[in-house]
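Order of the sequence lines sets the chain letters (A, B, ...), proteins ahead of strands, with each chain counted from 1.
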Amino acid sequence: MSSTPSDASPLFALADGNNFYVSCERVFEPKVRDVPVVVLSNNDGCIVSRSNEAKKLGIPMGAPFYRWRPLIVSKGVRVFSSNYPLYGEMSLRMMDTLFSLTPHMEVYSIDEAFLDVPVGPAEAEGWAEGVRRRVLRDVGIPLSLGVASTKTLCKVAGRSAKRDSRGVRILIGQEEIRSALEATGVEELWGIGRQLSKFLIGQGILNGEKLRECDDRWVRAHLGLAGLRTVMELRGIPCVQGEEAPMEGRSVSTSRSFADPLPDPSALREAVACFVATAASKLRENGAMASGLHLFLTTSPFRGDYRSQTAFCSLARPSSYTPTLIGAAWRLLESLNPENLSQVKKAGIILTDLVEESKTPPRLFGMNAALERERGLMEAVDRIQKRWGGQAIQTAAEGRSREWLTRQSRRSPRYTTDWNELPLVKAKG
DNA sequence: TCTGGGGTCCTAGGACCC
DNA sequence: TCTGGGGTCCTAGGACCC
């Protein structure tokens with residue numbers, strides 16, 4: 001029995017929003033549609049999204065902004081701070097539209113989803129072009145679609161779709177797969193990162209086709225289980241599972257780098273409280289509770305003596321109640337010694353060992369009444385914040401000054417999530 | 001001067017037990 | 001006095017992803 005699946009295997013499509021953050025900005029600001037554009041990470045630190053024109057100027061993904069600023073200024077590149085409320089909302093719209101076009105899909109990231117292709121190989125191209133047209137019309141985001149029998153091959157197809165004027169690439173026939181893999185360097189494959197590609201290139205394994213031919217045992221020994229999965233997927237055997245599973249056992253975190261040194265220890269306490277409040281609200285949104293909490297403080301990793309401190313605690317019982325979690329985080333903070341870090345550059349919390357709220361065991365005696373009060377309070381807070389914005393109500397622990405707030409000097413308006421920042425339609429003239 | 005944030009999964013090694 | 005080996009669980013850290 002051959003390990004090569006027939007051309008009739010079920011097909012996946014990877015739908016990927018092109019230069020997603022830049023595309024979101026362009027939906028609401030037509031002036032930047034044909035000029036080079038970049039979007040920066042939090043704190044205006046790194047370049048995390050680039051228009052095609054910006055890519056042509058040689059600006060790399062993830063590059064520190066300050067280092068490229070001279071070129072950006074001289075070439076007139078438009079720069080945006082990141083506007084996550086906008087991107088999150090545009091992502092929801094895109095996913096809703098995609099979901100109406102497939103019987104099943106898995107959201108993989110803010111700008112990517114794997115769709116089950118509901119038609120056979122012969123009609124796949126027409127279907128994919130239809131999906132692309134529909135999202136462009138209804139949401140305004142241009143997509144690339146790569147269609148193949150495994151997710152890893154979809155990624156390969158998706159890369160070549162980005163270079164195709166129709167934005168679609170179907171990768172099905174064995175000959176086509178072979179030549180596509182020959183044209184794909186190992187370092188470009190999904191699942192092969194910097195370390196593994198360095199190793200593989202050292203071994204003379206330069207492209208996807210060469211990797212696909214490697215011996216299974218050798219791959220297992222040198223690239224680990226994940227590497228073996230990648231190789232199987234290149235051969236057309238689906239191995240990468242989607243995670244349908246809800247929050248159980250996962251984690252939620254919030255962290256920030258600080259633009260400037262924190263003015264005093266109370267600012268750090270407030271920042272930590274804010275991180276907890278954000279993560280706890282994400283928890284409740286997903287009907288989950290956390291059983292563990294990590295706190296970490298680090299200095300800048302780009303200075304000489306990088307140092308970090310971490311602390312962990314298990315909670316007496318799973319919780320998503322913001323005050324309880326802030327209390328736990330503050331106790332951890334007291335157990336650390338921030339003075340030992342010359343300067344805290346970044347801090348964050350991670351809520352771990354999540355359990356579904358509905359599966360937590362009932363408490364004894366009067367405890368359930370207390371639990372009900374906590375739940376009612378959090379529901380009210382969540383409703384108010386949803387309606388009136390996150391600033392409308394908060395715990396006192398978070399403080400009002402936000403002195404640690406990150407820098408965002410070039411943020412576009414929150415067109416889709418704030419009544420005061422809706423786009424205005426003006427009559428011409 | 002200025003370098004993001006949020007995840008998942010795997011592995012190696014130590015502790016502990018029988 | 002000599003002194004094995006296998007299993008499990010936990011954790012930290014690394015590698016990967018967008």
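Of all nucleotides listed (B:dC10, C:dC16, B:dT3), B:dC10 comes nearest to the side chain of A:Arg229. Among the nucleotides B:dG5, C:dC18, B:dT3, the one closest to any side-chain atom of A:Phe302 is B:dT3. Side-chain proximity of A:Cys46 to the nucleotides B:dG4, C:dC16, C:dC18 is greatest for B:dG4. Counting only heavy atoms from C-beta on, A:Tyr66 has its side chain closest to B:dT3 among B:dG5, B:dT3, C:dA15.
Among the protein residues, A:Leu189 comes within range of the sugar-phosphate backbone only, with heavy atoms under 4.0 Å from sugar or phosphate atoms but none that close to a base. Residue contacts shown for A:Leu196 are limited to sugar-phosphate atoms, with no base heavy atom under 4.0 Å away. Among the heavy atoms of the strands, none lies under 4.0 Å from A:Ile110. Note on A:Asn42: only backbone sugar-phosphate atoms sit closer than 4.0 angstrom, heavy atoms only; bases stay farther off. Contact annotation for A:Lys198: no contact, since no heavy-atom pair falls under 4.0 Å across all strands. Across all strands, A:Lys155 comes closer than 4.0 Å only to sugar-phosphate atoms, never to a base (heavy-atom distances). A:Ser300 comes within 4.0 angstrom of nothing in the nucleic acid, heavy atoms only. Using a 4.0 Å heavy-atom criterion, one finds that A:Asp44 contacts no nucleic acid atom at all.
Of the side-chain N and O atoms in A:Trp190, one or more sit less than 4.0 angstrom from OP1 or OP2 of C:dC18. Taking side-chain N and O atoms only, A:Arg250 has a distance below 4.0 Å to OP1 or OP2 of B:dT8. Between B:dG4 and A:Lys345, no contact under 4.0 Å exists linking OP1 or OP2 to a side-chain N or O. At the phosphate of B:dT1, neither OP1 nor OP2 sits under 4.0 Å from any side-chain N or O atom of A:Arg303. Checking the phosphate oxygens (OP1, OP2) of B:dG4, no side-chain nitrogen or oxygen of A:Ser82 falls inside 4.0 Å. Taking only side-chain nitrogens and oxygens, A:Ser255 comes nearer than 4.0 Å to OP1 or OP2 of B:dG6.
One interatomic measurement links the two molecules: CG of A:Asp260 to P of B:dT3, which rounds to 10 Å at whole-angstrom precision. At whole-Å resolution of the value, NE2 in A:His294 and P in C:dT11 are 8 Å apart. B:dC9 atom P lies 16 Å from atom CZ of A:Arg220, rounded to whole Å. In this structure, CZ of A:Phe114 is placed 12 Å from P of C:dC17, rounded to the nearest angstrom. Between A:Phe312 atom CZ and C:dG13 atom C1' the separation is 16 Å, expressed in whole Å.
One finds no salt bridge joining A:Glu285 and A:Lys386 here, because no Lys/Arg side-chain nitrogen approaches an Asp/Glu carboxylate oxygen to under 4.0 Å. Between A:Arg269 and A:Glu334 there is a salt bridge, since at least one side-chain N of the basic residue sits less than 4.0 Å from a carboxylate O of the acidic one. Salt bridge present: A:Lys155 and A:Glu112 bring a charged side-chain N and a carboxylate O closer than 4.0 Å. Comment: A:Arg375 does not engage A:Glu379 in a salt bridge, judged by the lack of any side-chain N to carboxylate O separation of less than 4.0 angstrom. The existence of a salt bridge linking A:Arg26 and A:Glu53 is confirmed by a sub-4.0 Å separation between a basic side-chain nitrogen and an acidic carboxylate oxygen. Under 4.0 Å is where a charged nitrogen must lie from a carboxylate oxygen, and between A:Arg78 and A:Glu29 no such pair does.
Taking atom P in both C:dC18 and B:dC2, the straight-line distance is 30 Å, to the nearest Å. Of the P atoms belonging to C:dT3 and B:dC17, the separation is 23 Å, rounded to the nearest Å.
Each of A:Leu223 and A:Arg407 was assigned the nucleotide of DNA chain B with the nearest heavy atom; the assignment lying further toward the 5' end belongs to A:Arg407. If you find the closest nucleotide of DNA chain B to A:Leu225 and to A:Ser251, the one lying nearer the 5' end belongs to A:Ser251.
Taking a pair to require two hydrogen-bonding distances under 3.5 Å in either a Watson-Crick or a G-U wobble arrangement, B:dC18 pairs with C:dG5.
Screening residues 252-262 of chain A for side chain to side chain donor-acceptor pair (under 3.5 Å), with sequence neighbours left out, gives no hits.
The base of B:dT3 sits within donor-acceptor range of the side chain of A:Arg67, with an N or O pair under 3.5 Å.
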